[in-house]
Amino acid sequence: MPTEAELYAQRLEKRERLLQRADAYPARVRRTHTAAEAHAAFAEAGEAEGAVAVTVVGRVTAQRVMGKAAFLDVRDGTGHVQLHFRRDRLADTFEDLPLVDLGDFLEATGTMFRTRTGEVTVAVESWRVITKALRPPPEKWHGLTDVEARYRQRYLDLMANERSREIARTRIAVVAALRRFFVDRGFLEVETPVLQDQAGGAAARPFVTHHNALDRDFFLRISLELHLKRLLIGGMEKVFEIGRVFRNEGVSTRHNPEFTLLESYEAYADYEDVAAMVEEMVAYVALEVLGASHVAYGEEVIHLAAPFARTTYRRALQEQCGFDYRDYPTTQALRGLAQERGLEVAPGASWATVLDQLMSTFVEPKLVQPTFVFDYPTELSPLAKRKVDDEGAVERFELFVRGFEVANAYSELNDPVDQRARMQEQAQKRAEGDDEVELADEDFLLALEHGMPPAGGLGIGIDRLVQLMTGEHSLREVILFPAMRERAREDGATDG
RNA sequence: GGGCCCGUAGCUCAGUGGCAGAGCAGUGGACUUUUAAUCCAUCGGUCCUCGGUUCGAAUCCGAGCGGGCCUACCA
């Protein structure tokens with residue numbers, strides 16, 4: 001009988017038969033113990049058979065039916081518990097057991113005992129279906145391995161794969177730890193607009209959407225920066241936000257069009273203060289989430305305790321690449337150098353783009369253990385304050401771990417005249433065809449002209465931090481619902 | 001965007017030019033302490049799609065769709 005349509009029809013039929021007896025989707029259940037609590041209560045009672053009465057609930061993950069008795073495993077959020085059904089104990093409801101399928105949710109009442117094979121079990125005295133499932137769960141032994149199915153139907157992945165549940169828990173723990181870290185330090189958690197007049201604070205193409213009533217377009221934010229700075233201007237001294245940003249670019253194991261960004265701004269701090277805070281923060285998160293200050297990554301062990309290695313942008317390039325970028329002040333010269341080293345340089349690439357390409361090709365992959373890279377070229381950093389003793393560099397650092405950027409921070413540029421000039425410089429590049437540069441944001445400049453205190457700012461890609469903490473190689477594994485291409489809807493079995 | 005690989009039953013996978021297969025799940029039967037329960041029987045297919053080669057295509061070729069990995073882009 002079973003095509004997919006027929007499996008579905010069978011379950012629909014079972015649902016009908018259950019509904020003739022009772023509600024198969026009751027609004028209220030009476031759980032007295034979670035699976036974990038049931039086990040604990042039984043242990044506490046000295047494993048006295050029949051002494052601990054419980055009502056447990058959960059999803060059926062396995063059925064072992066043997067004529068006049070049956071064992072079912074159910075799982076709830078805390079773990080598994082086994083249920084034992086005997087015909088002589090259940091009078092008439094034993095006959096309804098065939099209406100139960102894998103994936104259904106049950107409520108079962110009985111007393112705890114240990115079977116002769118050692119499994120702590122509920123001797124069921126009464127039970128009912130509290131949710132009838134119409135489609136089967138993934139295979140019980142191999143689970144769900146098809147990567148596409150795991151992403152598109154993450155609920156099946158979570159049902160089948162403990163590792164996926166673990167990654168999800170880790171991510172939650174990372175975000176919670178970060179929030180605690182900042183709140184404990186007196187930072188105020190704020191929310192700023194997702195829909196913006198223009199998307200700034202980073203170099204990336206934005207998504208555009210349309211507001212019907214106002215009959216105008218909005219851009220989805222690509223960073224949190226410019227609004228958080230407006231709050232500094234308003235007098236809030238320490239703010240942070242953890243929020244989704246959107247960048248209209250490719251999808252890969254390292255990029256998702258929407259991702260979670262943490263940004264913080266602290267008045268009267270500079271980028272050295274921020275670096276010290278980041279060291280503390282990474283170690284704190286690791287300890288809270290992993291219970292350790294190191295994490296395995298393939299063959300490597302990454303050490304996440306302070307202090308982290310420190311270098312500068314210029315020195316790192318010199319050491320790894322053997323040249324001083326200051327010796328190549330023109331796009332032409334730098335492009336020649338890059339091509340000599342075997343880099344393919346896009347025809348329209350600017351000086352800053354080529355330099356960055358050199359950096360990401362030759363330096364970043366080598367920064368496996370946590371390493372701060374200080375003092376970026378001004379051209380790459382239109383929102384950072386210039387170094388006083390070096391016009392060509394800004395007070396900015398990035399933290400690299402495992403070869404990719406985990407944090408990005410600077411002493412924030414607060415001179416409105418310089419900021420305007422730097423934004424206009426970027427606008428010039430845009431006019432020359434680079435559509436991934438900062439726009440001049442007049443509304444932000446107006447705010448800045450009212451005075452922003454000196455401040456240290458920080459941005460951290462949460463998804464990548466979670467990747468670091470879980471040791472996962474693909475960003476898509478740490479995002480519950482990664483962006484996927486559209487696929488023709490399969491109409492399944494419903495019309496069978 | 002480029003390269004390589006993958007797409008077969010609800011799930012996990014064999015099959016690589018000659019009748020479309022196994023395990024799990026499902027269905028029927030036996031079994032009142034099992035746990036990947038066991039045993040017997042049984043149902044189940046748009047072999048991703050379209051086109052081509054061939055007496056014959058899941059298998060070979062081309063195009064497309066979807067996915068994975070690498071790479072590039074993405075401060």
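Throughout, a chain's letter reflects where its sequence line sits, starting with A, and its residues are numbered from 1.
Side-chain contact between A:Arg396 and A:Asn408 is present, with heavy atoms from C-beta onward closer than 4.5 Å.
Under the Watson-Crick and G-U wobble criteria, each requiring two contacts below 3.5 Å, nucleotide B:C69 is paired to B:G3. In this entry B:C60 has B:G52 as its Watson-Crick or G-U wobble partner, both defining distances falling under 3.5 Å. Base pairing annotation: B:A37 forms no Watson-Crick or G-U wobble pair, as no partner gives both donor-acceptor distances under 3.5 Å. Searching all strands for a Watson-Crick or G-U wobble partner of B:U42 with both distances below 3.5 Å returns B:G26.
In this structure, A:Arg464 is positioned above the aromatic face of A:Phe404, its NZ or CZ under 6.0 Å from the six-membered ring centre and within 45° of the axis.
Residue-level contact check: A:Ser252 touches the bases, meaning some heavy atom is under 4.0 Å from a base atom.
In this structure, NZ of A:Lys140 is placed 17 Å from P of B:C11, rounded to the nearest angstrom. Rounding to whole angstrom units, CZ of residue A:Arg64 and P of B:A30 are separated by 20 Å. A:Leu72 has its CG atom 13 Å from the C1' atom of B:A37, to the nearest Å.
Base orientation of B:U71: anti, the glycosidic angle falling outside 90° of 0.
Salt-bridge annotation for A:Asp324 and A:Arg314: present, with a side-chain N of the basic residue lying under 4.0 Å from a carboxylate O of the acidic one.
A donor-acceptor contact under 3.5 angstrom links the side chains of A:Trp127 and A:Thr93, judged on distance only.
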